[in-house]
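Notes follow once the structure below has been shown.
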2 protein chains.
Amino acid sequence: MVKELDEKTEELPDHVGWRLWQASRAWQAEFAAAMRAAGHGWFTEARAGLLGHIERSGIRQSALIERSAISKQAIQQLLDGLEAEGIVERLPDPQDGRGKLVRYTRKGLAALRDGDRVKMEIERRYVDRIGEERFTALMGALRALAAGKVAAMDEDAGVAGEVVESK
Amino acid sequence: MVKELDEKTEELPDHVGWRLWQASRAWQAEFAAAMRAAGHGWFTEARAGLLGHIERSGIRQSALIERSAISKQAIQQLLDGLEAEGIVERLPDPQDGRGKLVRYTRKGLAALRDGDRVKMEIERRYVDRIGEERFTALMGALRALAAGKVAAMDEDAGVAGEVVESK
DNA sequence: CCATATAGTCAAGATACTTGACGATATTCG
DNA sequence: CGAATATCGTCAAGTATCTTGACTATATGG
């Protein structure tokens, strides 16, 4: 089944961008597969990213928009989908007649717990695979990279909107 | 303009999947921006990913499909776009009446050179940012992860093109 | 009260994929 | 040889994600 690429020794990419992409895709595929296996078939990457920004206690939709680097319309569409799946619900904000509160349903909270568990399992597998030391180095480098990216800005708050991104 | 997120100290994601995604996206954005700045306005992330698999000497479309983890139809659509932009051209394969050869045009080769230069520049910036040692550790860990993935999954023939090289 | 900003929605479209169906060519094998 | 089968590329249609523009409803600050 495996192709005999060896015969030609193709030079496949090995620069940092490719490696990051490759690793990121692999993680996402593993996570999504595990979530689907856990019965959360509605799970997608974009939704995962959004859910990561919704606190257990709920959040105002406008606040959600601020911290997710994508357009409010995109978020709305994602929320529409999640609401239809019964993961979150939207209630009117008693504090503001314009606003809405986004909250997990019970089903959503269960999914959240499974998500945390799956993440830990994947992380454990990663450590098994490459060793604790290497894994720590990986995380350190990735964190440093992320921090360095915003080193230009001192304001911690200003950073949040940018770094948080949608995922 | 700056939001006061500090007051709540939101716990932003910090697991390995998030970090990988974040780093991958940042790299791609940086690369695409630099390419567009270099006059290659047709450049997008998806196209970049595909172009990375096309050798200077050209490649059979079917071979391209094998090593790109997406469907052949998606690749075809990307190639359609690249062909329309004049980056690649498709010629009939003299060896196989069904097949086609995908080759860079002169314009495509120029873009490729710029791409290599940009990659090196980004890598240099990364090293400046987090230090040579950390960067080396990052690459080592990512390579190890990719290599370990092959051993871990065997039902993954579909992405053979992606992982085979890791040995 | 009025001007303006904010919260959310609706609509349309672009990009990057997917699956399914299909015709044309190659290969294998009775 | 010729028929079954596999491969190569294409066409068509649909999904997921994200965009911009236009709009309504509510809030806020002179």
Side-chain angles (χ1 to χ4, degrees), chain A residues 1 3 21 24-25 28-29 32 36 41-53 58-85 87-102 165-167, chain B residues 1 3 21 24-25 28-29 32 36 41-53 58-85 88-103 157-161:
Chain A
M1 198 55 227
K3 293 290 160 193
W21 176 85
S24 175
R25 288 276 287 224
Q28 283 168 7
R36 283 193 296 267
W42 51 271
F43 211 92
T44 68
E45 294 176 18
R47 285 172 170 180
L50 189 63
L51 291 176
H53 292 307
I59 184 175
R60 290 205 43 192
Q61 190 166 321
S62 56
L64 194 53
I65 288 162
E66 284 164 15
R67 59 172 92 164
S68 312
I70 57 178
S71 69
K72 62 180 179 179
Q73 295 93 332
I75 287 170
Q76 188 186 354
Q77 288 167 23
L78 287 171
L79 285 176
D80 287 347
L82 287 168
E83 200 172 21
E85 297 283 355
I87 308 304
V88 302
E89 56 189 353
R90 277 185 278 194
L91 310 169
D93 183 349
Q95 312 293 306
D96 187 331
R98 300 165 302 178
K100 290 200 178 165
L101 297 176
V102 180
E165 308 240 353
S166 60
K167 216 33 271 191
Chain B
M1 59 176 254
K3 292 293 159 190
W21 177 87
S24 175
R25 287 279 287 222
Q28 282 169 7
R36 283 192 295 268
W42 49 270
F43 211 91
T44 67
E45 293 178 16
R47 285 171 171 181
L50 188 64
L51 291 176
H53 291 305
I59 185 175
R60 290 204 44 192
Q61 191 166 320
S62 56
L64 193 52
I65 288 162
E66 283 166 15
R67 58 173 90 165
S68 310
I70 57 177
S71 69
K72 61 180 178 179
Q73 295 92 333
I75 287 169
Q76 189 186 354
Q77 288 167 24
L78 287 171
L79 285 176
D80 287 347
L82 287 168
E83 200 170 22
E85 297 282 355
V88 301
E89 55 189 352
R90 279 186 276 196
L91 311 169
D93 185 348
Q95 313 292 305
D96 188 331
R98 302 165 300 178
K100 290 201 176 164
L101 297 176
V102 180
R103 217 174 51 177
V159 291

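Below, chains carry the letters A, B, ... as their sequence lines are ordered, and counting in each starts from 1. Since we're looking at a predicted model, the values are computed, not measured.
Residue R90(A) places none of its side-chain N or O atoms closer than 4.0 Å to OP1 or OP2 of dA7(C). Contact between the side-chain N/O atoms of Q76(A) and the OP1/OP2 oxygens of dG8(C) is not found at any separation under 4.0 Å. At the phosphate of dT19(C), neither OP1 nor OP2 sits under 4.0 Å from any side-chain N or O atom of S71(B). For S62(B), no side-chain nitrogen or oxygen approaches OP1 or OP2 of dT7(D) to under 4.0 Å.
With respect to Q76(A), the side-chain contact (heavy atoms from CB on, under 4.5 Å) criterion is satisfied by exactly one of L79(A), D80(A), L78(A): D80(A). Across R103(B), E66(B), R67(B), a single residue satisfies side-chain contact (heavy atoms from CB on, under 4.5 Å) together with I59(B), and that is R67(B).
Closest approach of Q61(B) and R90(B) over heavy atoms only: OE1-CD, 3.2 Å. For the pair S68(A) and H53(A), the tightest heavy-atom approach, listed with the atom from each and the gap, is OG-CD2, 3.5 Å. Between R47(A) and W42(A), the closest heavy-atom pair is NH1-O, 2.8 Å.
Judged by closest nucleotide on DNA chain D, I75(A) is the one of G97(A) and I75(A) placed further toward the 5' end.
The distance between atom CG of L82(B) and atom C1' of dA16(C), rounded to the nearest whole Å, is 13 Å. Note: CD (E66(A)) to C1' (dG8(C)) measures 14 Å, nearest angstrom. Taking atom CD of E45(A) as the reference point, atom P of dC17(C) lies 11 Å away to the nearest angstrom. Rounding to whole angstrom units, CD1 of residue I65(B) and P of dA6(D) are separated by 18 Å. One interatomic measurement links the two molecules: CG of L79(A) to P of dA16(D), which rounds to 16 Å at whole-angstrom precision. Atom pair R98(B):CZ and dT5(D):P shows a separation of 17 Å (rounding to whole Å applied). With rounding to whole Å, L78(B) atom CG is found 14 Å from dA14(C) atom C1'. One can place CG of D80(A) at 15 Å from C1' of dA7(C), the figure rounded to the nearest angstrom.
Residue A46(B) is classed as a sugar-phosphate contact, given heavy-atom separations below 4.0 Å to backbone atoms only. Q61(A) comes within 4.0 angstrom of the backbone, heavy atoms only, and of no base.
The shortest side-chain heavy-atom distance between V88(A) and L51(A) falls under the 4.5 Å cut-off.
Of the candidate nucleotides dC8(D), dC11(D), dT18(C), dT18(C) has the atom nearest to the side chain of I70(B). The nucleotide whose nearest atom lies closest to any side-chain atom of D96(B) is, among dT25(C), dT9(C), dA27(D), dT25(C). Of all nucleotides listed (dG9(D), dT17(D), dA16(C)), dA16(C) comes nearest to the side chain of T44(B). Here dA12(C) is the nucleotide among dC8(D), dA7(C), dA12(C) with the atom lying nearest to any side-chain atom of Q77(A).
Within 3.5 Å, a donor on the side chain of Q73(B) pairs with an acceptor on the base of dG20(C), or the reverse. Contact of K100(B) with dG9(D) (side chain to base): no donor-acceptor pair of N or O atoms is detected under 3.5 Å.
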